[in-house]
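A short worksheet on the structure shown next.
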There are 2 protein chains.
Amino acid sequence: MDVEKIIRTSSPLPLRQRSVIHLVLVSNRIGEVVSQALKPYGVSSQQFNVLRILRGQKDSPANLNTLSERMVSRMSNTTRLVDKLLEKGYASRTVCPSNRRKVEIRLTEEGAEALREMDRAVNDAEARLMEQYTPTQLEQLNALLDLIH
Amino acid sequence: MDVEKIIRTSSPLPLRQRSVIHLVLVSNRIGEVVSQALKPYGVSSQQFNVLRILRGQKDSPANLNTLSERMVSRMSNTTRLVDKLLEKGYASRTVCPSNRRKVEIRLTEEGAEALREMDRAVNDAEARLMEQYTPTQLEQLNALLDLIH
DNA sequence: ATCATATATTTGTACATACAAATGTTGTCT
DNA sequence: AGACAACATTTGTATGTACAAATATATGAT
């Protein structure tokens, strides 16, 4: 991305500062593209993320703790996010019988079905976004990102 | 960053998908580090961004349009963000006399002073975050990020 | 059994973000 | 001048995010 053009700065930025801004701009762009792809299904990218985690659980239910641990962007309020998924009929929530402090959250059949379509849409969008990259470049990018602590 | 560890997934992710998640994780981490550095000054990273743009204007004031154009993350509501800066005494807002539709937003002396300290704090935090990188690696990273459209 | 502590979730508050609609101002066309 | 479109900002609504406090349940020590 052309950082200087996007933030309309005339003077060139110091390399490290440019990298940091660049990373944020790219991530914002990813967010944009993904939310756009998900718009037809009425879910946010965080909600999509949760649906994928639920699917990854196979038949065992997830509790809120598990969900927030596994989410890409830690949600400080997973309760309300799950509320939205319930409203849409994509997930179910029951009190865990063995430990009544916990809740059991499951993907519904409707949720699983919608998720298959979302997956396709998001995957296509990501493919378009990243089509410039050769596999080698993707390896390099990942290796460089690994350096951040 | 160790993507698989952070999102606690056992199966390795496809390279492209891993890159996308990696970029988002890194950007989230940057956001965390920057907000932490700004916490003592009571401003968000977006507010900090606006303060820097105001300084870049030298003595000519900025209007809201200019601000949202130049911000790293486009704010859909720059009005309310500037409100916060007014409350803190870091910026001033007056109606533009030549075109009463516009507003003129300026950095106050107090804002300029606080900004100098914030700059130091943020710069230090970013330096710590990116200390692993050689200049060459930063170049490579920027070049790879340039590929995104 | 009771109390303190730890665990799991929910609720409250403030702020941030996205999008649409409303307001006020300016310039243009007739 | 009056009507109308374009411009710049503000306001409203819904949702998302961060952090702290509140609630409910379980566990362990005495």
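These values consider heavy atoms only, across backbone and side chains, with no hydrogens, waters or symmetry-generated copies. Throughout, protein chains are lettered first and strands after them, A, B, ... in sequence-line order, and every chain is numbered starting at 1. Quick caveat: nothing in here was measured; it's all calculated off a predicted structure.
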task: Output yes when Lys88(A) and Glu110(A) qualify as a salt bridge under the 4.0 Å nitrogen-oxygen rule, no when they do not.
output: no
query: Expressed in angstrom and rounded to an integer, what is the separation of Asn63(B) atom CG from dC7(D) atom P?
result: 14 Å
query: Quick one: does Tyr90(A)'s side chain have a donor or acceptor within less than 3.5 Å of a partner on Lys84(A)'s backbone?
result: no
May I have the list of side-chain donor-acceptor pairs in residues 30-43 of chain A shorter than 3.5 Å, sequence neighbours left out?
unit_1   : atom_1 : unit_2   : atom_2 : d
Glu32(A) : OE1    : Arg29(A) : NH1    : 2.7
Ser35(A) : OG     : Gly31(A) : O      : 2.4

query: With sequence neighbours left out, what residues match Arg8(A) under salt bridge (charged side-chain N to carboxylate O under 4.0 Å, His left out)?
result: Glu69(B)
field: Residues in salt bridge (charged side-chain N to carboxylate O under 4.0 Å, His left out) contact with Glu104(B), at least two apart in sequence or another chain
entry: Arg106(B)
Stretch residues 36-49 of chain A: residues that reach within less than 4.0 Å of DNA chain C through a heavy atom: Lys39(A)
field: Residues touching DNA chain C, which here means a heavy atom under 4.0 Å, drawn from residues 93-103 of chain A
entry: Arg93(A), Arg101(A), Lys102(A), Val103(A)
field: Pairwise side-chain contact, Leu141(A) with Leu23(B), heavy-atom cut-off 4.5 Å (strictly under)
entry: yes
statement: Here the distance between atom C1' of dG16(D) and atom CG of Asn77(B), to the nearest Å, is 15 Å
query: Does the side chain of Glu109(A) come within less than 4.5 Å of Glu113(A)'s, by heavy atoms?
result: yes
query: Can you tell me how far C1' of dA18(D) sits from CZ of Arg80(A), to the nearest Å?
result: 10 Å
message: Going 5' to 3' along DNA chain C, which are the first and last nucleotides with any atom under 4.0 Å from a heavy atom of chain A?
response: dA6(C) to dC19(C)
- request: Might you work through the side-chain contact (heavy atoms from CB on, under 4.5 Å) test for Leu81(A) and Gln47(A), ending with a clear yes or no?
  value: CA-CA 7 Å; Leu81(A) 192 152; Gln47(A) 291 173 12; 3.8 Å; yes
- request: Would you name the heavy atoms of Leu25(B) and Val72(A) that are closest together and state the gap between them?
  value: CD2-O, 3.3 Å
Between Arg70(B) and Asn49(B): side-chain donor-acceptor atoms closer than 3.5 Å: no
